[in-house]
Amino acid sequence: MSEEKIETCFLCGKKFDMNNSELAYYRNGKYPICDYCAEFYSFYREDL
């Protein structure tokens, strides 16, 4: 199990664990996006 890495979503402000999230990612390498927002805004994602 990986270490907990708590981030705050850049879009919604929700706190989440980046290491235990399936869809979460960093937009432009520095803005954390949570699972919910990553799924909701997936059509905007440029690196797929």
Roughly how far, to the nearest 0.5 Å, is OH of Y36 from OG of S21?
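That separation rounds to 15.0 Å.
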Measuring from atom OH of Y25 to atom OH of Y31, what distance do you get when rounded to the nearest 0.5 angstrom?
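Between atom OH of Y25 and atom OH of Y31 there are 13.0 Å.
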Please find the pair of heavy atoms, one from A24 and one from D35, that lie closest to each other, and give the distance.
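For A24 and D35, the tightest heavy-atom pair comes out as N-OD1, 2.8 Å.
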Hey, are the side chains of F16 and P32 touching, using non-hydrogen atoms and a 4.5 Å cut-off?
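When only atoms from C-beta onward are counted, P32 and F16 do touch, with a gap below 4.5 Å.
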With respect to I33, which candidate in E7, E39, M18, R27 satisfies the side-chain contact (heavy atoms from CB on, under 4.5 Å) definition?
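By the side-chain contact (heavy atoms from CB on, under 4.5 Å) criterion, I33 pairs with just one of E7, E39, M18, R27: R27.
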State whether the side chain of D17 and the backbone N or O of K5 hold a donor-acceptor pair below 3.5 Å, judged by distance alone.
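Between the backbone of K5 and the side chain of D17 there is a qualifying donor-acceptor contact (under 3.5 Å).
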